[in-house]
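What you see is a predicted model, and the numbers here were worked out from it, not measured in a lab.
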Amino acid sequence: MRIVVDTNILISALISPGNIPDQLYQLWLDKKFGLVTSQWQIAELRRVSRYDGVKKYLKTHEVGHLVNSLREKALILEDLPTVSYSPDPDDNPILAAGIAGEVHFIVSGDKSDILELQVVQGIPIVTARAFVELL
């Protein structure tokens with residue numbers, strides 16, 4: 001099974017060890033599912049981790065470890081199709097990675113935009129909790 005995990009879930013996993021997003025991250029590290037990401041998302045992860053409101057909760061080496069894990073273990077897509085399903089343009093590359101990567105689920109914590117869509121091109125969009133419970 002392959003999934004795309006929204007950047008907000010990855011950041012949350014680093015901020016609060018043991019929470020549901022972290023449990024999802026650990027399940028991926030334990031090879032319970034495959035992760036699809038993109039160069040765009042890796043750049044977004046680095047950018048978001050440097051925001052003042054976020055970086056105070058993160059350790060730089062943890063972000064580096066996450067990025068290295070993605071580079072080593074995830075399927076990284078170089079080119080993404082152009083999609084415009086979400087009103088937030090930063091959500092569309094996440095959705096595009098799910099479509100291009102032919103994933104089984106897109107996992108997000110973005111209640112106002114991505115989760116509201118529920119399904120994109122036949123791909124269910126679920127919370128981290130729902131996905132962890134599914135496993």
Result block: side-chain N/O donor-acceptor pairs under 3.5 angstrom for residues 18-30, not counting sequence neighbours:
from	atom 1	to	atom 2	distance (Å)
Asn19	OD1	Asp22	N	2.8
Asn19	ND2	Ser12	O	3.2
Asn19	ND2	Ser12	OG	3.2
Asn19	ND2	Ser16	O	3.3
Asp22	OD1	Gln26	NE2	3.3
Asp22	OD2	Gly18	N	2.7
Gln23	NE2	Gly18	O	3.1

Measure across [X] and [Y] and return the closest heavy-atom pair with its distance rounded to 0.1 Å.
{"X": "Lys56", "Y": "Gly53", "answer": "CE-O, 4.0 Å"}
{"X": "Thr37", "Y": "Ala74", "answer": "CG2-CB, 3.9 Å"}
{"X": "Ser49", "Y": "Val63", "answer": "OG-CG1, 3.7 Å"}
{"X": "Leu80", "Y": "Ala97", "answer": "CD2-CA, 3.7 Å"}
{"X": "Ala100", "Y": "Pro81", "answer": "CB-CD, 3.7 Å"}

Let me check something: any side-chain donor-acceptor pairs from residues 114-128 under 3.5 Å, sequence neighbours excluded? List them with distances.
from	atom 1	to	atom 2	distance (Å)
Gln121	NE2	Tyr85	OH	2.7
Thr127	OG1	Ala130	N	3.0

Tabulate below the donor-acceptor pairs under 3.5 Å that side-chain atoms of residues 65-73 make, not counting sequence neighbours, or state none.
from	atom 1	to	atom 2	distance (Å)
Asn68	ND2	Gly64	O	3.3
Ser69	OG	His65	O	3.0

Do the non-hydrogen side-chain atoms of [X] and [Y] ever get within less than 4.5 Å of each other?
{"X": "Leu95", "Y": "Ser86", "result": "yes"}
{"X": "Asp6", "Y": "Ile106", "result": "no"}
{"X": "Gln39", "Y": "Asp79", "result": "no"}

**OP:** Step through the shown structure and confirm whether more than 12 heavy atoms of other residues, nucleotides or ligands are within 6.0 Å of OH on Tyr51.
**Re:**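 Check passes, neighbour count above 12.
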Just by distance, do the side chain of [X] and the backbone of [Y] share a donor-acceptor pair under 3.5 Å?
{"X": "Arg2", "Y": "His104", "result": "no"}
{"X": "Gln41", "Y": "Val5", "result": "yes"}
{"X": "Asn8", "Y": "Gly109", "result": "yes"}

Point-to-point distance, once rounded to the nearest 0.5 Å, from [atom1] of [X] to [atom2] of [Y]:
{"X": "Lys32", "Y": "Ile3", "atom1": "NZ", "atom2": "CD1", "answer": "14.0 Å"}
{"X": "Arg47", "Y": "Ile42", "atom1": "CZ", "atom2": "CD1", "answer": "13.5 Å"}
{"X": "Asp90", "Y": "Thr7", "atom1": "CG", "atom2": "OG1", "answer": "9.0 Å"}
{"X": "Lys55", "Y": "Ile15", "atom1": "NZ", "atom2": "CD1", "answer": "13.5 Å"}

Subject >> Results of side-chain contact (heavy atoms from CB on, under 4.5 Å) for Glu62 - residues two or more places apart only >> reply: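 side-chain contact (heavy atoms from CB on, under 4.5 Å) check on Glu62 returns Leu14, Lys59.
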Subject >> Stepwise side-chain contact (heavy atoms from CB on, under 4.5 Å) check, Trp40 with Leu77 >> reply: CA-CA 9 Å; Trp40 182 93; Leu77 304 174; over 6 Å; no
**OP:** Please answer: with hydrophobic residues joined when any side-chain heavy atoms are less than 4.5 Å apart, are Ile76 and Val107 in the same cluster?
**Re:**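 They do share one cluster, since a chain of ILVMFWY contacts under 4.5 Å joins Ile76 to Val107.
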Original post:
In terms of hydrophobic clustering (I, L, V, M, F, W, Y; side-chain heavy atoms under 4.5 Å; direct or indirect links), are Met1 and Val4 co-clustered?
Top reply: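 No; tracing contacts between hydrophobic side chains, which count when under 4.5 Å, never links both residues.
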**OP:** Sequence neighbours left out, what passes side-chain hydrogen bond (donor to acceptor under 3.5 Å, both in side chains) with Ser112? Give chain and number order.
**Re:**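 Only Asp110 meet the side-chain hydrogen bond (donor to acceptor under 3.5 Å, both in side chains) criterion with Ser112.
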**OP:** Any pair with a residue in residues 108-135 that passes ring pair (Phe, Tyr, Trp, His ring centres under 6.0 Å), sequence neighbours left out, goes on the list, sorted by first then second residue, please.
**Re:**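 Applying ring pair (Phe, Tyr, Trp, His ring centres under 6.0 Å) to every pair that reaches into residues 108-135, excluding sequence neighbours, yields Phe33-Phe131, Phe105-Phe131.
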